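Please read all numbers here as calculations on a predicted model, not as lab measurements. For this chain, numbers begin at 1 and follow the sequence in order.
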Amino acid sequence: METENQTVISKFILLGLSDDVDLQPLLTGLFLSMYLVCVTGNLLIILAIISESNLHTPMYFFLSNLSFTDICFTSTIVPKMLVNIQKQNKGITYEGCLTQMYFFMIFAGLDNLLLTVMAYDRFVAICHPLHYTVIMNPHLCGLLLLLSWLICLTYSLLQSLMVLRVSFCKETEIPHFFCELTQILKLACSDTLVNDIVLYFVTGLLGIIPLIGILLSYSRIIFSIMGISSSGGKYKAFSTCGSHLSVVSLFYGAGLGVYLTSGTAHPSRKGSIASVIYTVVTPMLNPFIYTLRNRDMKGALRRVFTRGTYSQ
């Protein structure tokens with residue numbers, strides 16, 4: 001009897017953030033604006049870091065990769081959502097949904113791991129300043145980046161292949177604005193116990209272990225800063241970590257909200273709001289957070305704009 005209710009589906013329906021027709025133009029303008037700000041801001045950071053030789057350091061190497069990841073992360077979701085709103089068509093093909101899910105998991109995982117690597121970089125810079133250039137050498141930086149990519153690609157591929165073995169019913173409405181793995185599995189007719197175990201176990205590891213690494217790094221950093229005698233030295237040390245701590249708090253705070261609401265049987269609007277913060281707002285704010293109190297980035301961006309003005 002179970003096989004009779006199963007069907008080969010060709011598309012899913014993304015219900016989005018709201019069914020109110022009057023809100024659609026507002027949502028279009030809001031998300032288009034945030035997307036353009038996100039892409040422009042992160043591209044400027046990448047351009048500034050590439051063009052300024054004094055920014056060719058491990059910290060800015062990882063920051064440029066984080067900016068690239070944020071652009072890709074947001075681009076997997078927002079353009080499709082905007083197209084659906086404009087065409088008043090909430091459909092997404094089965095293949096398109098799995099592709100979106102695959103790249104979403106890659107770049108979400110990369111964001112997570114890059115923030116962890118950046119915390120380690122700050123730990124070495126503050127706790128072992130004399131050995132910083134030796135420890136954080138180009139070989140190690142490249143190795144950490146490559147390892148982050150391999151972990152995320154493997155995890156995303158594993159989850160995507162496991163979804164392919166799942167059979168779906170005729171009910172294909174996803175109560176979200178993008179294809180999220182947990183929401184897709186809730187539409188399955190076949191048993192998803194193995195999928196659920198792998199999902200929550202591996203996702204938990206990829207969330208908890210990096211978070212522990214960040215907390216350990218900053219606990220050592222705080223102890224080292226407290227040992228600095230001058231107030232100016234303490235302020236300088238704290239200022240180098242303030243931007244990263246702000247991004248980590250925003251990223252993990254929103255990510256925790258998404259993780260907790262994804263397990264509920266009936267997702268609420270709060271879960272969608274947390275997802276918006278996690279997938280759109282945080283990548284958009286990162287360029288502002290990292291340049292607000294960073295003199296080097298401000299100077300680099302100023303010179304980029306100056307060269308652009310003179311070239312015209």
Exercise for review: Please examine the side chains of Leu185 and Leu181, heavy atoms only from C-beta on, and report whether any two atoms are closer than 4.5 Å.
Suggested key: yes
Report all side-chain donor-acceptor pairs from residues 101-115 shorter than 3.5 Å, counting only partners two or more places apart or in another chain.
| residue | atom | partner | partner atom | Å |
| --- | --- | --- | --- | --- |
| Asn112 | OD1 | Tyr252 | OH | 2.3 |
| Asn112 | ND2 | Leu206 | O | 2.4 |

Practice item. Indicate yes or no for a side-chain donor-acceptor contact from Asn137 to the backbone of Ile135 under 3.5 Å, with no hydrogens or angles considered. Key: yes
Exercise for review: Could you tell me whether a side-chain N or O of Ser243 sits under 3.5 Å from a main-chain N or O of Ile289, the two making a donor and an acceptor?
Suggested key: yes
Check your understanding: At their closest point, which heavy atom of Leu216 faces which heavy atom of Ser219, and how far apart are they?
Key -> O-OG, 2.7 Å
Review point. Looking at the rings of His128 and Phe123, which for Trp means the six-membered one, are their centres under 6.0 Å apart?
Key: yes
Check your understanding: Minimum heavy-atom separation for Phe73 to Thr76, with atom names?
Key -> O-OG1, 2.6 Å
Review point. Taking all non-hydrogen atoms of both residues, which atom of Met136 and which atom of Asp121 are closest, and how far apart?
Key: CE-OD1, 3.7 Å
**Study point:** Beyond-backbone contact of Cys179 with Leu14, side-chain heavy atoms, under 4.5 angstrom
**Key:** yes
Practice item. State whether the side chain of Ser67 and the backbone N or O of Ile46 hold a donor-acceptor pair below 3.5 Å, judged by distance alone. Key: no
Review point. Below 4.5 Å, heavy atoms only, C-beta onward: do Thr172 and Lys11 meet side chain to side chain?
Key: no
Check your understanding: What pair of heavy atoms forms the shortest contact from Thr279 to Thr74, and how long is it?
Key -> O-OG1, 3.4 Å
**Study point:** Ser156 side-chain N/O to Leu153 backbone N/O, donor-acceptor pair under 3.5 Å
**Key:** no
Study note, to complete from the structure: Taken to the nearest 0.5 Å, the spacing of Arg220 CZ from Leu215 CG works out to 14.0 Å
Practice item. Before giving the answer on side-chain contact (heavy atoms from CB on, under 4.5 Å), spell out for Phe178 and Ser275 the whole-Å C-alpha distance, their side-chain angles and the decisive distance to 0.1 Å. Key: CA-CA 10 Å; Phe178 68 97; Ser275 295; 4.2 Å; yes
Review point. Is it true that atom CG of Leu161 has more than 12 heavy atoms of other residues, nucleotides or ligands lying nearer than 6.0 Å?
Key: yes
Review point. Are the side chains of Val124 and Pro58 in touch, meaning some heavy atoms are under 4.5 Å apart?
Key: no
Exercise for review: Measure across Leu98 and Val163 and return the closest heavy-atom pair with its distance rounded to 0.1 Å.
Suggested key: CD2-CG1, 3.6 Å
Check your understanding: Does Asn42 reach the main-chain N or O of Pro283 with its side chain, forming a donor-acceptor pair under 3.5 Å?
Key -> yes
Practice item. Begin from the C-alpha positions of Leu143 and Leu147 and carry the test side-chain contact (heavy atoms from CB on, under 4.5 Å) through to its verdict. Key: CA-CA 6 Å; Leu143 186 63; Leu147 185 61; 5.5 Å; no
Exercise for review: Measure from the ring center of Tyr218 to the ring center of His244 and say whether it is less than 6.0 Å.
Suggested key: yes
Practice item. Would you indicate whether the side-chain heavy atoms of Phe177 and Val276 approach each other to under 4.5 Å? Key: yes
Side-chain atoms of residues 29-39: list all donor-acceptor pairs with protein atoms under 3.5 Å, sequence neighbours left out, distances to 0.1 Å.
| residue | atom | partner | partner atom | Å |
| --- | --- | --- | --- | --- |
| Ser33 | OG | Gly29 | O | 2.7 |
| Tyr35 | OH | Ser75 | OG | 2.8 |

Review point. Is a side-chain donor or acceptor of Thr192 paired with a backbone partner of Asn195 at a separation under 3.5 angstrom?
Key: no
Check your understanding: If you count the non-hydrogen atoms of other residues, nucleotides and ligands that lie under 6.0 Å from OH in Tyr132, is the total more than 12?
Key -> yes
Review point. Atom SG in Cys127, atom CD1 in Ile225: separation rounded to 0.5 Å?
Key: 8.0 Å
Exercise for review: Return the minimal non-hydrogen interatomic distance between Ile77 and Gln100, and the atom names on each side.
Suggested key: CA-NE2, 3.8 Å
Practice item. Show the numbers, then the answer: is there a side-chain contact (heavy atoms from CB on, under 4.5 Å) between Met162 and Leu158? Key: CA-CA 6 Å; Met162 291 191 67; Leu158 171 65; 4.2 Å; yes
Review point. Quick one: does His176's side chain have a donor or acceptor within less than 3.5 Å of a partner on Leu15's backbone?
Key: no
